[in-house]
Amino acid sequence: MEMKNSSTKKEKDIFHVIHKVPSGHGPYVRAKHAQLVQKDQEAAIVWFWKAINAGDRVDSALKDMAVVMKQLDRTEEAIEAVKSFRGLCSRNAQESLDNVLIDLYKKCGKVDEQIVLLKHKLKLIYLGEAFNGKPTKTARSHGKKFQVSISQETSRILGNLGWAYMQKSNFMAAEVVYRKAQMIDGDANKALNLCQCLIKQTRYEEARLVLDDVLQYKLPGSDDFKSRNRAKELELELESKNPVGPLLPNLLIPGLSFEDDFVEALERVMNERGGTRSRRLPIFEEISQYRDQLAC
């Protein structure tokens, strides 16, 4: 009898591992079973709602429900759900909920909302509140876990901000944040986006210099298949252009700074933490230089 019970338990454990379904009998577990085993996304949403209302693993239930809603093209509903119920979630879940919202905003073309939230995430980094005050965080991609540093996260957010500005055809603003992102943690994808920004501003010589770093494999990700193809496309586009006139200066665009009071408050925080020497990343150094000219 004991051997039979032991065998049954092992089978259940293997089932949970294979299907990545948590063990238990609550509404959250039933939601994950509907989502991952039965492949019934509508039923999963019903159970996720029940889990949220019952207080059963609310952090995970809200995030997972938003992801399923996005898959079903119920993006607007997912946005409202996250905004309305994130107050029930723990403080540790807020950062990942911001990431979910950014993804949802991108999906339904809410660029302005995306920009506001990305700036908010930069403020949290500036204040030392990102990663819940820790220097690194554990991220997951394609089922694998890896560590992400504050610098890497800052560069990633700046890259997303640059892409958002590109969607608004504000290529000069996109250029500023892409350059800062590359200074912090450069890669081929952001370099190619920066190249495109420069092409849009008819600054072909500068664009060629940026593109050469990818073509010559000087940046991480330069050997990626998609990056190689896109680099070739941009190279062909540049070859079809005929650069005329002087190169334009690198300008800072309104919309990239924080309010005076905010910058001054952060300055005090940084001084209290590490003396008078600034420990800010390059993006914040440039922002503070122009704070009298710019508005958040």
Side-chain angles (χ1 to χ4, degrees), residues 99 102-119 121-122 139 141-142 146 148-149 151-256 281-283 285-287 290:
N99 291 334
I102 288 171
D103 197 36
L104 293 170
Y105 287 148
K106 187 182 297 185
K107 169 80 172 179
C108 63
K110 292 182 178 290
V111 180
D112 290 332
E113 290 86 346
Q114 188 180 342
I115 289 173
V116 169
L117 194 47
L118 288 167
K119 285 184 179 180
K121 290 178 72 65
L122 286 173
S141 178
H142 304 296
F146 56 95
V148 177
S149 69
S151 292
Q152 290 171 324
E153 179 71 356
T154 303
S155 181
R156 185 188 70 82
I157 294 171
L158 288 170
N160 287 338
L161 183 59
W163 182 253
Y165 278 122
M166 286 180 70
Q167 305 317 298
K168 294 178 70 68
S169 298
N170 192 343
F171 299 110
M172 295 179 75
E175 177 199 344
V176 171
V177 292
Y178 275 130
R179 287 192 184 279
K180 294 307 160 187
Q182 290 297 84
M183 288 172 62
I184 297 167
D185 188 41
D187 61 43
N189 183 56
K190 291 192 289 286
L192 293 172
N193 288 339
L194 174 58
C195 175
Q196 185 175 348
C197 290
L198 294 169
I199 290 175
K200 292 293 185 180
Q201 298 173 69
T202 67
R203 294 160 62 186
Y204 305 123
E205 292 181 30
E206 290 179 85
R208 181 73 213 196
L209 291 175
V210 173
L211 182 60
D212 282 344
D213 285 342
V214 179
L215 294 174
Q216 297 171 17
Y217 298 93
K218 293 181 178 180
L219 294 169
S222 295
D223 57 350
D224 179 75
F225 179 75
K226 290 183 179 179
S227 294
R228 301 308 299 173
N229 283 343
R230 189 174 175 210
K232 291 297 182 183
E233 291 173 359
L234 289 171
E235 185 177 33
L236 290 174
E237 184 175 355
L238 279 171
E239 288 175 355
S240 69
K241 307 292 184 181
N242 183 25
V244 178
L247 298 178
L248 298 177
N250 187 9
L251 301 175
L252 195 66
I253 303 304
L256 298 181
L281 292 169
I283 179 72
E285 292 289 0
E286 182 152 341
I287 283 172
Y290 292 88

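This chain uses plain numbering: 1 for the first residue, then up along the sequence.
Rounded to the nearest 0.5 Å, atoms CZ (F146) and CD (Q152) are 8.5 Å apart. The line from CD of Q114 to NZ of K119 is 12.5 Å long, rounded to the nearest 0.5 Å. The distance from atom CG of L215 to atom NZ of K232, rounded to the nearest 0.5 Å, is 6.0 Å. Atom CE of M172 and atom CG of L198 lie 10.5 Å apart (nearest 0.5 Å). Taking CD of Q182 as the start and CG of D185 as the end, the distance is 8.5 Å to the nearest 0.5 Å. Separation of atoms NZ (K110) and CG (L117) is listed at 13.0 Å; rounding is to 0.5 Å.
Put simply, the side chain of Y204 never gets that close to the backbone of E239: no donor and acceptor are under 3.5 Å apart. Under the 3.5 Å distance criterion, the side-chain polar atoms of S240 are matched with a main-chain donor or acceptor of E237.
In plain terms, the two heavy atoms of C197 and A174 that are nearest each other are SG-CB, 3.5 Å. Between R230 and L192, the shortest heavy-atom contact is NH1-CB, 3.6 Å. The heavy-atom pair separating G186 from P220 by the smallest distance is O-CD, 3.6 Å. Nearest heavy atom pair, residue Y178 against residue W163, reads OH-N, 3.0 Å. Closest approach of A207 and C195 over heavy atoms only: O-SG, 3.6 Å. Closest approach of S222 to K218, counting heavy atoms only: OG-N, 4.0 Å.
With contacts defined as side-chain heavy-atom distances shorter than 4.5 Å, the pair Q201/E206 does not qualify. Considering only heavy atoms from C-beta on, R179 stays 4.5 Å or farther from M183 through its side chain. Counting only heavy atoms from C-beta outward, the side chains of K106 and N160 approach each other to under 4.5 Å. Put simply, the side chain of L158 does not reach to within 4.5 Å of the side chain of K190, judged on heavy atoms. Residues L161 and L122 are in side-chain contact: their nearest non-hydrogen atoms beyond the backbone lie under 4.5 Å apart. Looking at Y217 and R228, their side chains come closer than 4.5 Å, going by heavy atoms from C-beta outward. When side chains are defined from C-beta on, Q196 does not count as touching V210, because their heavy atoms never get closer than 4.5 Å. Inter-residue side-chain proximity for R156 and K121 is flagged as met; some heavy-atom pair is nearer than 4.5 Å.
The number of heavy atoms from other shown groups lying within 6.0 Å of CZ (F225) does not exceed 12.
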Query raised in the report: Between E153 and I184, is a side-chain contact (heavy atoms from CB on, under 4.5 Å) present by the stated rule, with each step listed?
Result: CA-CA 10 Å; E153 179 71 356; I184 297 167; over 6 Å; no

Requested in this report: With side-chain contact (heavy atoms from CB on, under 4.5 Å) as the test, would you mind laying out the steps for D112 and K168 before giving the verdict?
Outcome: CA-CA 9 Å; D112 290 332; K168 294 178 70 68; 2.8 Å; yes

Query raised in the report: Where do K107 and D103 land on the salt bridge (Lys or Arg N to Asp or Glu O under 4.0 Å) test, with the steps shown first?
Result: CA-CA 6 Å; K107 169 80 172 179; D103 197 36; over 6 Å; no

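A side-chain contact (heavy atoms from CB on, under 4.5 Å) with I199 is found for exactly one of L211, L234, L194, namely L234.
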